[in-house]
A.B. asks: 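Attaching a single structure in structure tokens format; questions to follow.
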Number of protein chains: 2
Amino acid sequence: MDLQQFLPYRVAVLAEALSQCVGQVYRERFGLSRDEWRVLAALADGGSHRMVDIAARSTLEKMQVSRAAARMEAAGLLGKLPDPDDGRGWLLRLKPAGRALYAKLVPMVRSREAFLLEALTPEERAVLDRALTRLGQRAAQLLSQG
Amino acid sequence: MDLQQFLPYRVAVLAEALSQCVGQVYRERFGLSRDEWRVLAALADGGSHRMVDIAARSTLEKMQVSRAAARMEAAGLLGKLPDPDDGRGWLLRLKPAGRALYAKLVPMVRSREAFLLEALTPEERAVLDRALTRLGQRAAQLLSQG
DNA sequence: TATTGTTATACTCTATAACTATA
DNA sequence: TATAGTTATAGAGTATAACAATA
């Protein structure tokens with residue numbers, strides 16, 4: 001068997017490389033961790049969201065969201081409001097500083113993504129899109145079966 | 001911007017899922033770490049290889065290879081022979097126990113990979129193959145430029 | 001001077017679960 | 001009993017660089 005041709009390995013190597021590409025922006029230029037960047041992106045619609053929803057939208061654990069949110073609150077990027085519908089919960093919402101950061105950061109990562117995608121034709125992108133989705137579904141199936 | 005549609009995020013999530021699928025085999029059933037599994041796979045051709053070559057073939061740091069090899073040597077999976085061509089180096093080589101482990105492990109991860117790929121037509125697989133390669137090249141380009 | 005492999009160290013991440021307060 | 005969020009802790013993984021031996 002050839003490791004170089006093994007799909008999980010290839011995807012892992014690519015993910016690592018893409019993560020570094022994007023990380024050069026959010027980590028090195030803006031001092032955010034990966035989790036903080038995901039929380040920022042998950043709040044991008046400008047709304048207020050419960051932590052558990054942010055977790056679902058960002059593929060993070062509730063604990064990771066809690067910690068990232070605490071750091072971002074301390075940095076003045078977001079605020080925590082009591083959830084009016086549930087006394088246990090909080091709603092997260094970007095503050096102006098968080099929105100400003102987002103507005104600077106997103107065009108930069110977007111243009112990196114665009115550069116990456118220039119490697120593919122529109123048809124290839126469509127296939128890739130489907131492939132990522134379907135492989136994810138199959139992987140979930142395998143994982144649920146053990 | 002929609003995190004769910006962002007390519008680096010999608011690839012990261014998929015890589016995580018695929019890594020768990022394969023990890024269920026090499027970690028949970030055979031007690032190997034990811035690095036040890038990669039070293040095992042990189043020695044799969046039955047030959048003797050320098051650590052620096054294993055590192056290149058497995059996308060690991062020389063330090064990770066050194067540590068993984070030390071653990072695998074202690075476990076009797078591989079042996080270290082002095083490199084006849086370079087007094088500084090060692091050649092790694094699977095021992096019978098390592099080859100036996102490999103022979104049991106590979107069919108299992110192979111069948112998982114095959115199950116995953118059933119989600120795609122042969123044409124889609126070919127496109128995915130090209131896409132992974134080209135995206136990796138572009139990412140390397142971005143990283144080298146900063 | 002550069003390279004192979006080893007070791008040290010500090011740091012980050014991850015996983016698990018205990019814990020509180022509400023539902 | 002179950003859920004939202006917080007906190008604690010231990011273990012794993014990562015990054016950096018110093019180091020000895022050899023090229």
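Each chain gets a letter, A, B and so on, in the order the sequences are listed, and its residues count up from 1.
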A.B. asks: Distance check needed: D:dA4 P versus A:Asp53 CG, whole Å only.
C.D. replies: 9 Å
A.B. asks: Given D:dT14, is OP1 or OP2 found less than 4.0 Å from the side-chain N or O atoms of B:Gln64?
C.D. replies: yes
A.B. asks: For the NZ atom on A:Lys95, are there more than 12 heavy atoms of other groups (residues, nucleotides or ligands in this structure) within a distance under 6.0 Å?
C.D. replies: no
A.B. asks: Does any N or O in the side chain of B:Arg99 come within less than 3.5 Å of the main-chain N or O of B:Gly46, such that one atom is a donor and the other an acceptor?
C.D. replies: no
A.B. asks: Are A:Ser33 and A:Tyr26 close enough that a side-chain donor and a side-chain acceptor fall under 3.5 Å?
C.D. replies: no
A.B. asks: Chain A on DNA chain C: first and last contacting nucleotide, 5' to 3', under 4.0 Å to a heavy atom?
C.D. replies: C:dT14 to C:dA23
A.B. asks: In this structure, how many angstroms lie between the P atom of D:dT22 and the CZ atom of B:Arg88, rounded?
C.D. replies: 10 Å
A.B. asks: Let me confirm one number: the CG-CE distance from B:Asp83 to B:Met51, rounded to the nearest 0.5 Å.
C.D. replies: 11.0 Å
A.B. asks: Do B:Arg57 and B:Asp45 sit within salt-bridge range, that is, some charged N less than 4.0 Å from a carboxylate O?
C.D. replies: yes
A.B. asks: Over all strands shown, is A:Glu61 touching base, sugar-phosphate only, or nothing at heavy-atom distances under 4.0 angstrom?
C.D. replies: nothing
A.B. asks: Does a salt bridge link A:Arg71 with A:Asp35, judged by any charged N lying under 4.0 Å from a carboxylate O?
C.D. replies: no
A.B. asks: How does protein contact run along nucleotides 6-11 of chain D, one letter per nucleotide 5' to 3', with B for base contact, S for sugar-phosphate only, - for none, heavy atoms under 4.0 Å?
C.D. replies: BBBB--
A.B. asks: When all nucleic acid strands are considered with a 4.0 Å heavy-atom cut-off, which category describes A:Asp86: base, sugar-phosphate, or nothing?
C.D. replies: sugar-phosphate
A.B. asks: Return the value, rounded to whole Å, for the distance between atom CZ of A:Arg50 and atom P of D:dG5.
C.D. replies: 6 Å
A.B. asks: What is the separation between atom NE2 on A:His49 and atom P on D:dG5, rounded to the nearest whole Å?
C.D. replies: 13 Å
A.B. asks: For A:Gly87 and A:Arg34, take the nucleotide of DNA chain C holding the closest heavy atom to each; which residue's nucleotide lies nearer the 5' end?
C.D. replies: A:Arg34
A.B. asks: Tell me if the CD atom of A:Glu61 is crowded by more than 12 foreign heavy atoms within 6.0 Å.
C.D. replies: no
A.B. asks: Starting from P on D:dA4, measure out to CG on A:Leu60 and report it in whole angstrom.
C.D. replies: 16 Å
A.B. asks: Closer than 3.5 angstrom, by distance alone: can the side chain of B:Glu124 be matched with the main-chain N or O of A:Ala131 as a donor-acceptor pair?
C.D. replies: no
A.B. asks: So, for B:Ser58 and B:Arg38, which heavy atoms are closest and what is the spacing to 0.1 Å?
C.D. replies: O-NH1, 3.1 Å
A.B. asks: Over how many whole Å does the gap from B:Leu32 atom CG to D:dA12 atom P extend?
C.D. replies: 14 Å
A.B. asks: Distance check needed: D:dG5 P versus A:Asp85 CG, whole Å only.
C.D. replies: 12 Å
